[in-house]
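First up is the structure itself, then whatever we jot down about it.
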Amino acid sequence: MTYHKKYMDRAIELAIENVRSNKGGPFGAVLVKNDLIIAEGVNLVTTTNDPTAHAEICAIRTACAKLSSFQLTECSLYSSCEPCPMCLGALYWARISTLYFAATKENAAAIGFDDSFIYEEITRPIDHRVITTKHSAHDRALEAFRLWSQSSKKTNY
């Protein structure tokens, strides 16, 4: 068994166990660094009443806490399904080097987890989105940016 298969098998098993235990949606994720599993996650949206508690996000949060770092460079994520837009964004923010996924976003859409609407919304001008979105300019809005730019104590990310 290749190590890729082993990690993907684990992500899929987590998804199956999550459904069987009625804890959340059919998604599992495993984060690997140096050929070791450093974190696992399952979908806990309905269990925790947290719409961001997707398997990938849960795994990223656990890994970051375990490694005491907000960057997961040199880590690979194995997901039972192609990540949604939120999770994909989180993978980029965490600097994960490689993503492997099993089921596709089309497979997920076929059982009611359809993210195509979000992909479409992202590309729309803000005044054409379903969520009313207004730019509310404020004189002090850029003050935090100015302070950040000038700070010698900041941690870049």
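The structure displayed is predicted, hence computed values, not measured ones. Atoms considered below: every heavy atom in the structure, side chains included; atoms not considered: hydrogens, waters and symmetry mates.
Taking every heavy atom of both residues into account, Gly41 and Leu14 meet most closely at O-CD1, 4.1 Å. Smallest separation of non-hydrogen atoms from Ala39 and Ala59: CB-O, 3.4 Å. Pairing each heavy atom of Thr48 with each of Ala53, the nearest pair is OG1-CB, 3.7 Å.
At least one side-chain heavy atom of His54 sits under 4.5 Å from a side-chain heavy atom of Ile57. Residues Leu99 and Pro83 form a side-chain contact, since some pair of their non-hydrogen atoms from C-beta on lies under 4.5 Å apart. Taking the side chain as every heavy atom from C-beta outward, Phe27 and Ile12 never approach each other to under 4.5 Å. With a 4.5 Å cut-off on side-chain heavy atoms, Tyr7 and Ile37 count as touching. In this structure, the side chains of Thr98 and Cys75 stay at 4.5 Å or more apart for every pair of heavy atoms.
Under the 4.5 angstrom side-chain criterion for Ile, Leu, Val, Met, Phe, Trp and Tyr, Trp93 has no cluster partners at all. The other residues sharing a hydrophobic cluster with Phe117 are Ile118, Ile122, Val130, where clustering joins ILVMFWY side chains under 4.5 Å apart.
Rounding to the nearest 0.5 angstrom, the gap separating the CD1 atom in Ile16 from the CD atom in Glu13 is 5.0 Å. Residue Leu142 holds its CG atom at 11.0 Å from CG of Leu147, rounded to the nearest 0.5 Å. We find the CG-OG1 distance between Asp9 and Thr2 to be 8.5 Å, quoted to the nearest 0.5 Å.
Shown here are the side chain to side chain donor-acceptor pair (under 3.5 Å) partners of Arg20, two or more places apart in sequence or in another chain: there are none. Among residues two or more places apart in sequence or in another chain, the ring-ring contact (aromatic ring centres under 6.0 Å, His included) test is passed with Tyr157 by Phe70. For Cys64, the side chain to side chain contact (heavy atoms under 4.5 Å, CB included) partners are Ile60, Leu72, not counting sequence neighbours. Residues satisfying the salt bridge (charged side-chain N to carboxylate O under 4.0 Å, His left out) criterion with Arg140, sequence neighbours excluded, are absent altogether.
Note on residues 101-114: no pairs pass salt bridge (charged side-chain N to carboxylate O under 4.0 Å, His left out), not counting sequence neighbours. Legend: side-chain hydrogen bond (donor to acceptor under 3.5 Å, both in side chains) pairs involving residues 60-76, not counting sequence neighbours, sorted by first then second residue: Thr52-Arg61. Screening residues 77-91 for side-chain hydrogen bond (donor to acceptor under 3.5 Å, both in side chains) gives His4-Tyr78, Glu56-Ser79 as the qualifying pairs, with residues at least two apart or on separate chains. A side-chain hydrogen bond (donor to acceptor under 3.5 Å, both in side chains) check over residues 119-134, counting only residues at least two apart or in different chains, returns the pairs Glu121-Arg124. Within the structure, salt bridge (charged side-chain N to carboxylate O under 4.0 Å, His left out) pairs that include any residue of residues 145-154 comprise Glu143-Arg146 (at least two apart or interchain). Legend: side-chain hydrogen bond (donor to acceptor under 3.5 Å, both in side chains) pairs involving residues 26-43, not counting sequence neighbours, sorted by first then second residue: Arg10-Glu40.
Screening Val30, Val32, Leu67 against Ile38 for a side-chain contact (heavy atoms from CB on, under 4.5 Å) leaves a single residue, Leu67.
When hydrophobic clusters are built by joining Ile, Leu, Val, Met, Phe, Trp and Tyr residues whose side-chain heavy atoms come closer than 4.5 Å, directly or via intermediates, Leu91 is grouped together with Phe101.
Judged by distance alone, the side chain of Asn18 and the main-chain N or O of Pro26 form no donor-acceptor pair under 3.5 Å.
In Asp139, the CG atom is not crowded: 12 or fewer heavy atoms of neighbouring residues, nucleotides or ligands sit closer than 6.0 Å.
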I'd like to know whether Leu77 forms a side chain to side chain contact (heavy atoms under 4.5 Å, CB included) with Tyr100, so could you lay out the CA-CA distance, the side-chain angles of the two residues, the decisive distance to 0.1 Å, and finally the verdict.
CA-CA 6 Å; Leu77 187 125; Tyr100 302 93; over 6 Å; no
